[in-house]
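A quick write-up on the structure given underneath.
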Amino acid sequence: MSIILCFFLFLLLPVLFSLIFVKNIKASKQNLPPSPPQLPIIGNLHQLRGLFHRCLHHLFKKHGPLILLRLGVLRMVVISSSEAAEEVLKTHDLECCTRPVTMASTVFSRNGNDIGFGEYGEAWRELRKLAVREFFSVTKVRSFRYVREEECDLMVKQLRESALKQSPVGLSKTLFCLTASIVFRSALGQSFLENKHIDKEGIEELMLEAHSNMSFNLTDMFPTAGLGWFMDFVSGKRKRLHDVFTEVDTFLNHIIDDHQSKNFTQDRPDFIDYLLEMIPKQEQNESFKLTIDHLKGIIQGIYLAGVDTSSITMIWTMAELVRNPRVMKKVQDEIHSCIGIKHKERITEEDLDKLQYLKLVVQESLRLHPPVPLLLPRKTMSQIKIQGYDIPPKTILVVNAWSIGRDPKHWKDPEEFVPERFITCPVDYKGHGFEMLPFGSGRRMCPGMASGIATVELGLLNLLYYFDWGLPEEGKDMDMEEAGVLTVVKKVPLELLPILQHKTKTMSTVLYIFAFLLLPALFTLILVKRTKNSTQNLPPSPPQLPIIGNLHQLQGLFHRCLHDLSKKHGPVLLLHLGSLKIVVISSSEAAEEALKTHDLECCTRPKTHATSTFSRNGRDIGFAPYGEVWRQLRKLSVLNFFSAKKVRSFRYIREEENDLLVKKLKELAQKKSPVDLSQELYCLAGSIIFRSAFAQRFYENKHVDKEKIKEFMFELQKVGSISSSDLFPGGLGWFMDFVSGRHRRLHKLFGEVDTFLNHIIDDHLKNPEEKTNQDRPDIVDSLLNTMHKEEQDESFKLTIDHLKGIIQNIYLAGVDTSAITMIWAMAELVRNPRVMKKAQEEIRTYIRVKQNERIDEEDVDKLQYLKLVIKETLRLHPAAPLLLPRETMSQIKIQGYNIPLKTFLVVNTWSIGRDPKHWEDPEEFIPERFIDSPVDYKGQSFEMLPFGSGRRMCPGMASAIATIELGVLNLLYYFDWRLPEEGKYMDMEEDGNITVVKKFQTSKINLPPGPQKLPIIGNLHNLDGLLHICLQKLSKTYGPVMKLQFGFVPIVIISSNKAAEEVLKTHDLDCCSRPETIATKKISYNFKDIGFAPYGEEWRALRKLAVIELFSLKNLNSFRYIREEENDLLVKKLSEASQKQSPVNLKKALFTLVASIICRLAFGQNLHESEFIDEDGMEELASRSEKLQAKFAFSNFFPGGWIIDRITGQSKSLEGLFSELDAFFNQVLDDHLKPGRSVLESPDVVDVMIDMMNKQGGEGSFKLTTDHIKGIISDIFLAGVNTSATTILWAMTELMRNPSVMKKVQDEVRTVLGESRQRITEEDLNQLNYFKLVIKETFRLHPTAPLLLPRETMSPIKVQGYDIPKKTQIMINVYAIARDPKLWANPDEFKPERFSDISVDYRGLNFELLPFGSGRRICPGMTMGIAMVELGLLNLLYFFDWVMPEGTTVKDIDMEEEGAVIISKKAPLELVPICPR
């Protein structure tokens, strides 16, 4: 740190020695702290090297916790122990609570007119009081809570986008912007991002510069004779200090001016508004006058200190968490456990109160990494004693909080990040415990502590709640080096990868299900084929699977996958992809045989579904089969566009378009803005192609989306590759492409391209005077002229389709390949600065300075090293790593192997260009390798083949090379290049199919996570056992919002109360429809019911009818006598069994009870006396209906699945069941329509609906029909009977298994109702509190419909941050929610008491308990069902005690479940009723 001007020693030497001698005599009389050896004049300055706090820490280890240093004339005592710090900051707080006056503090505090650096006194006390009251008080900090929450939301949104793109994030910058945004809005009333007075990119550097200039200067250390001033002046320190101050002051002036003129949008009146109003209102006789300088001082302190310190703390915390995955996992587990899942609800500061471990993490971070490691220096106002040492007046005191926080006397393993150390430790950061002092203590303690902690905790909570975090490069260690002066930040900016979910990508399309259908035929075919192949010398092949061949071995990028296979199996490799035979060539020798020796025999193209579409059945150059048409087309295109003469004629276009690019880049360079070079180079290539091929300007063409040209090319490649239709002919592949949507995407893209080509041709067919922006006649004009002039008897007829094919090839291939090569070249140059420097030196040496002259193509001829750079790029990164496939027209031999007729040939130029046999260090970018090498890219040398070779060589090579060389030359001549973030590495990941580009991310929807799918069947293989339990287990792995695919149907499973609330409340209307299934359609009479009908006008009318006329409270009460009478009959039957002490099948008895009630109130039939209702037959019909609905139907999940349903008999079973149900409902209706039938005083449900049907008039869109009546009574019969009976049965089962609960509930029932009742009525239920808790607990543990009826989204929605597309089925797993240990203690135990102190109910308002659902689709018969359950269970408990049959115990009760929609107890419950009286 020492900056010593030695020549001053000679000038002042005599005086100095005299002073030192006098001073030593004086000092010997005082007991001063120990001091390291000093040098004349400079004192201990020579010992301060490196980071100041670490340097002082090392001195403390040698000389003790109290050290006296002399820095020039300054006396400084350094405090490095908690005991000494306590004496300074507590015992002697008043005597040393002023600040030393330094050059920097005087400037920045405007002569002490601020809180941070102002000297202690009346003015400082008033200022601090004002700041605390109006900004730093707890009330004020809380009032800005909404600002912190909103800004954290914005940060999370930005990070989500990076996570979706799997892009690393500069977290240092992100957190700096977060804190800046919060401070700006809270203190300055303005949005940080919208503030026009500050450079958002440079603000971090400004603050760093400001803090570095606030330290002690030579002016402070050497005031004598202006020596220090002169040194600071010479070194430029004074100038830098004043420049930074001026920049800060200008900014503050703008802020104040904005508040005075009110020319910005403001949340509410802020701190500055208050101070500005206060200044003119001050009384003349007031002792303290607030001025504009005071105002600036305060807001400068808030701005400079508030932003930096909070962001630094979050950065260090995240760095430590990534370094300590155990701590990361523990804190995230606590967060997710305590908060659960949120989406629409943001993370709020209330959530922080639950997170004790997170608070420990923040504490530990502040201990290890206090943002201000040396507290702002104090100055003694009188002599004091510390640790027995005399500290004279005017001594500077520096407390090393960093050193104290790492003192091994107080902290075990002080260098380790162990938040648990604070669990039993009373030490806090609030200034009371002196073992850690990140905010200081005493009068000079940081007033913004509460605000800082609130920002830090909420920021970290959002980062840890929404994302997992990892380093961008696995295996790389976190760099923890520090930097800074006043505040100490992480030297290397923190860059991390935010992770929302893990996604895998695979090329394999494996159809396992079809293997079983075709197994016998397959083995026969394989046996025959092997016999045949054994007679031929075919190339080696990896092991194959039936049907799919080698498809399962193709994972990842195709060229890399083939490269890996060739290493194992050789350079000539035979693959079977479905029915296709493909030979892969991966050596120069084999490529020479294919492309030169046998060029003619294999110069045709294979026909695929995509190439047939895009080439218009072979009417182009690229994909057309070899023959007369292709030869004529190639000849035409070469003459009119690709010849050397034509390429030279377009030189002016390439030069002009490069000029435009350079101009644009210069503007961005002046702004220091990063540029998306991929996008710019795509547009450059597009502009050149447009003008040279179509005579139109790319940017003026209204038929092309310039912003999405990259994505368009990328999508075109995906659908242009080999598809299932090519791999599996005979309709199977076509069906797969149809179902997967590939056909639709292919034809949609082809339609876009064709529309564009039609526009181009139409523009050229206009009258010459109507044409605009046309340079000269182009290839389109030439071909149109040729087409119009040809004779009728010529053998080859040029058509519009031929014209489209040619210009489509030029457009799609020309733009993509040229842009890709330039992108890779620039990427490699930035990665290899040596090569970049050498290429630029050559360019700038030969071309020299051009002012108004442009770079022209003549300049390229001089640049040999640039040409080597292009060559090396084409070797390492051929734009088409697999040449377009060829097809053999006859049998040939390659490398001694027989290649049969009609075999695909794929040449892997990527692999050949990296063959270590030909290239030394093949993965390295070394242009010099070509200096003495005759190898070129023009198709004569087979060691590199970026453009292919032979008859099918790319005809556009000369044009592409001209574009690439001139483009790269302009980029390297006019600009130097670097990555936007220093220290960040270039990501060289590839992406693509036909051409391979440097990977970029397209926007994707954020689907919920889920298990890996299999082709065709999706996740059906993951379903084992009862569906609700299986889904509960899967949700524990994949989360509470989980996506599954059942065949071709997407299904989202909801397994948390928060997610359920979003679906059933927030998005109730968006997802209140029902999916169609074959069974529900049948039994609901084509959706003429309430339960299964899709949402719409008809459903709303039906539900309204049901709620008002059928299930209203009035109707419920009118049927009360039926429920009581049927319960009386049950009690009578059970009493008879009790007398005989014979076991009762309670399952059957309860079904009869509920069925009897339903039949009377709904159908007007007495189950025991009806002529056409058989009690046993009704139970069997209900059971079969339930099982058939649950049975797997292929029709529901697979297009064309009805064929398999027919074969398996599913369709027949459904028809049979429906016939029986329909017959039963017809009998019910016929009975009600009998002439002379009397309607009871309380008409049943069918009576009510028939009456409404008869009375409806001609008006109104909805008409009630017989099918509607049948649909509703079908719902009542199938849903009403089983659910209520099952609930009572589960309640009795749990009570038998929990005798203490049984005793408690029976004691309540018999105490409240008395011992001698002959009959129970529904009025008795109102008095039974514990009894109702038993019902609630039964609903929780055993919801009869554990997955509710599925819903279907009618529009895209978001749940917990995940995108749920339209037409997605949603299943709410209420079983899993009700057993969620985050919501329920001991969730698997039957404890009715758990509801004593909580207000959770089952009526759809509390999403922790949803047995009847919620929202528009809540069960309309809930009230009727509860009435039956409560009265039924009450009768069982009041009139009888219950015991197990002889020879069995409670442990013998089988709790196994069965069912799908409705889950019931599988085994009957047999109990013996005992009359207690």
Side-chain angles (χ1 to χ4, degrees), residues 501-519 521-522 542-556 558 561 575-580 718 721-728 730-743 745 1004-1005 1007-1027 1029-1039 1041-1053 1075 1077 1191-1201 1203-1205 1207-1208 1350 1362 1365 1367-1369 1371:
Q501 61 181 336
H502 178 69
K503 296 180 180 179
T504 58
K505 198 174 179 182
T506 178
M507 273 183 69
S508 56
T509 48
V510 189
L511 308 174
Y512 296 115
I513 192 169
F514 286 93
F516 297 100
L517 301 175
L518 304 175
L519 215 50
L522 276 169
Q544 303 165 30
L545 290 179
I547 300 183
I548 62 170
N550 300 105
L551 269 175
H552 63 294
Q553 291 157 329
L554 304 183
Q555 297 183 0
F558 200 25
C561 182
L575 297 178
H576 289 84
L577 308 184
S579 65
L580 295 183
K718 287 198 288 188
S721 56
I722 293 172
S723 65
S724 299
S725 301
D726 308 315
L727 304 178
F728 306 105
L732 174 60
W734 182 92
F735 174 73
M736 293 163 62
D737 283 337
F738 176 77
V739 170
S740 66
R742 189 186 178 98
H743 280 319
R745 292 198 306 276
K1004 297 178 182 177
I1005 59 173
L1007 295 174
Q1012 186 69 42
K1013 300 182 292 187
L1014 289 180
I1016 306 286
I1017 63 172
N1019 297 106
L1020 287 173
H1021 64 292
N1022 296 112
L1023 306 182
D1024 184 23
L1026 290 169
L1027 187 58
I1029 293 176
C1030 176
L1031 296 179
Q1032 182 194 31
K1033 290 176 182 174
L1034 286 172
S1035 73
K1036 289 179 180 177
T1037 304
Y1038 298 101
V1041 182
M1042 173 177 64
K1043 182 179 180 292
L1044 300 176
Q1045 190 91 8
F1046 291 179
F1048 290 88
V1049 177
I1051 298 180
V1052 170
I1053 313 299
T1077 71
K1191 194 171 180 182
F1192 184 84
F1194 282 86
S1195 309
N1196 298 333
F1197 305 112
F1198 301 97
I1203 299 171
I1204 303 176
D1205 288 338
I1207 295 169
T1208 59
Y1362 297 112
K1367 300 293 278 184
T1368 300
Q1369 288 192 30
M1371 288 185 178

Student check: side-chain heavy atoms of L551 and F728 closer than 4.5 Å: yes
CG (L1034) and CG (L1027) are apart, to the nearest 0.5 Å, by 9.5 Å
Sub-4.5 Å side-chain heavy-atom contact between P1008 and M1042: no
Closest heavy-atom pair and its distance - P1011, K1043: CD-O, 4.0 Å
So which heavy atom on V1049 is nearest to which on Q1369, and how close? CG1-NE2, 3.5 Å
Would you say the side chain of L1007 lies within less than 4.5 Å of the side chain of P1365, judging by non-hydrogen atoms? yes
With a 4.5 Å cut-off on side-chain heavy atoms, are L1031 and L1023 touching? yes
Determine whether P543 and Q553 make a side-chain contact, defined as any pair of heavy atoms from C-beta on separated by less than 4.5 Å. yes
Specify the closest pair of heavy atoms between Y1038 and P1009, including all atoms of both residues, with the distance to one decimal. O-CG, 3.1 Å
Considering only heavy atoms from C-beta outward, does the side chain of N1196 approach that of F1046 to under 4.5 Å? no
For Q1045 and K1013, which heavy atoms make the closest approach, and how far apart are they? CB-CD, 3.4 Å
Quick one: does any side-chain atom of N550 pair with a main-chain N or O of H576 as donor and acceptor, under 3.5 Å? yes
